[in-house]
Every structure is written in structure tokens, then in C-alpha cells.
There are 2 protein chains.
Amino acid sequence: MKKFFKAVDDITRREILEMLKTKDMTAGEISDAFQISKPSISYHLDLLKQADLVISEKKGQYVYYSLNTSVLEDVISWLVSLKQAGGK
Amino acid sequence: MKKFFKAVDDITRREILEMLKTKDMTAGEISDAFQISKPSISYHLDLLKQADLVISEKKGQYVYYSLNTSVLEDVISWLVSLKQAGGK
DNA sequence: TAAATATTTAGATAATTATCTAATTATATA
DNA sequence: TATATAATTAGATAATTATCTAAATATTTA
């Protein structure tokens, strides 16, 4: 979960996740939504990938990014367990 | 949620939260569980407090820290909404 | 095949963060 | 009241991070 927490501790990366909620997008489309440079977005996408929060698939010259939600189970469980501890 | 994500993006702070799951503890007791200095723990406790994840209460010369789980609602909701988007 | 487009990699840098020691503040006790 | 204990604040520093520009790689198209 280490990498998950790092990945979501950044507003740009959280916004990328939000965008991917609606549809899969190419690196370029994602980049267009931000003011920061393409290499910076590439860097953010890499961190999201390392955290298994996104999957990338190359189609021709484009790279499509999509949400991977399987990691969320563990994190949600951890948070719920914290919450329940509070209500003891 | 900004401060929440920052707060939990650190192993020491996540461990502090884990410890507080079982019982309320003084700053000193928390500090004793780690190898790092008391001022560093104080710094981590402050970040947890800023994120509203802990509450502190002074009793005599001791400061007791306890878990505050109310913030978790929003975070869990956000994660669940991400998860559901994935299943579309 | 040459040029254009999409993306990532490399290398540099400013800002942020986690840590330390020393000093300070607040409380309790001899 | 002086000393000990608990905790935080101040100031410094090394490590990490997010960003940039320039260059490289891969693919498509003229």
C-alpha cells in the first residue's frame, strides 16, 4: 500500500484518476487537461502505474491509460478497520 | 482530503494510527515505539492533527493522542466511487 | 524513406519533507 | 523554590519530489 499512498498524495494524480473514471484516455489527452508539461504528466502516469492504479496499453503510436481498481480493496479495508477501531 | 493523503503517505504516521487503534496514548508512549527522536514524532503527530486524524488532549504534563475517524468517511467514499467507476 | 506525431527518458533544479540537536515551555515533585 | 519530566518549537540539513527543457524512441503518413 506504500505506493498507493504515495500515488494519491498529489492533486494532479488524483485528478488523473478522476478523469479516468469516465473513460480511458491517451497520455496526450490526459496531458491536454493540465498546464504542466507532457514529461511531467508522463512521470505522474508512471507513479500511478507503479501503484497499480492504472494500466497502460499501446495502440499504434498512442498509449491508452485506464483505471485499475483492484488495489482499492486493500486500502478501503484498511480505512474501514481504522474507522471501526474509532467506534470502540 | 489533501491533508489526509499527505498524512497517510508516511509509514511512521500510518504506524502511529495503527497504534492508536488499540488505545489512546501519550506522545511519549508513542515515541517510545519508534527509533526516531521525540521531536520527529511530535512533527508527525502535528501532521496527523492537521489532517484531523488524531485529537490531542493535555492532562497534566502529558498529552494524550487519540484516533479521530470522522474524516475517513469522505476518503472511503472517494475510493468507493473510484472502485465503482472501474466496474462500469 | 523523410517528416510529423505521440510518448518517454535523461539530466538539471527548486521546493518540500523527515530528520536531527539544542532550546523552550509547561507541569509535577522533592 | 529548584529540579526533574513531558512535550513542543526553532533552526539546520540531507533526501525526496515535481517540474522543466532537450533528446530519444516508436509509429504513422506524405
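Letters A, B, ... are given to chains in the order of the sequence lines, protein chains preceding strands, and every chain is numbered from 1.
Atom pair A:Glu57:CD and C:dT8:P shows a separation of 14 Å (rounding to whole Å applied). Atom-to-atom, CD of A:Gln35 to P of D:dC20 comes out at 10 Å; the value is rounded to the nearest Å. Nucleotide C:dA18 holds its P atom 11 Å from the CD1 atom of B:Ile16, rounded to whole Å. Rounding to whole angstrom units, NZ of residue A:Lys2 and C1' of D:dT16 are separated by 11 Å. Remark: C1' of C:dA18 and CZ of B:Phe34 are 14 Å apart, rounded to the nearest angstrom. Distance A:Tyr64 OH to C:dA6 C1': 11 Å, rounded to the nearest Å. The distance between atom NZ of B:Lys38 and atom C1' of C:dA18, rounded to the nearest whole Å, is 18 Å. The CG atom of A:Asp32 sits 13 Å away from the C1' atom of C:dT7 (whole-angstrom rounding).
With hydrogens and angles disregarded, a donor-acceptor distance shorter than 3.5 Å links the side chain of B:Arg14 to the backbone of B:Val8.
Shown for residues 3-13 of chain A: residues whose heavy atoms fall under 4.0 angstrom of DNA chain D, namely A:Lys6, A:Asp10, A:Arg13. Looking at residues 44-56 of chain A, you'll see A:His44, A:Leu47 sit with a heavy atom under 4.0 Å from some atom of DNA chain D.
Going from atom NZ of A:Lys49 over to atom CG of A:Leu47 covers 11.5 Å, rounded to the nearest 0.5 Å.
Here the two rings, on B:Trp78 and B:Phe4, have centers that are 6.0 Å apart or farther.
Nearest heavy-atom pair, B:Asn68 versus B:Asp52, reported as atom, atom and distance to 0.1 Å: ND2-O, 2.9 Å. The nearest pair of heavy atoms linking B:Ser31 to B:Lys38 is OG-CG, 3.1 Å. Counting all heavy atoms, side chain and backbone alike, B:Ile76 lies closest to A:Lys83 at CD1-CD, 4.1 Å.
Side-chain atoms of A:Ser81 and B:Lys21, non-hydrogen and from C-beta on, do get closer than 4.5 Å to each other.
For A:Ile36, whose side chain is taken as the heavy atoms from C-beta onward, the closest listed nucleotide among D:dA7, C:dT7, D:dT19 is D:dT19.
Ranked by how close their nearest DNA chain C nucleotide is to the 5' end, A:Val63 and B:Lys58 are led by A:Val63. Taking for each of A:Pro39 and A:Gly60 the nucleotide of DNA chain D with the nearest heavy atom, the 5'-most of the two is the partner of A:Pro39. Both A:Tyr43 and A:Gln61 lie near DNA chain D, and the one whose nearest nucleotide falls closer to the 5' end is A:Tyr43.
Applying the 4.0 Å criterion to OP1 and OP2 of D:dA18, one finds that A:Ser40 has every side-chain N and O outside that range. Contact check, B:Ser37 against C:dC20: a side-chain N or O comes under 4.0 Å of OP1 or OP2.
Within 4.0 Å (heavy atoms only), B:Ser31 reaches no atom of the nucleic acid at all.
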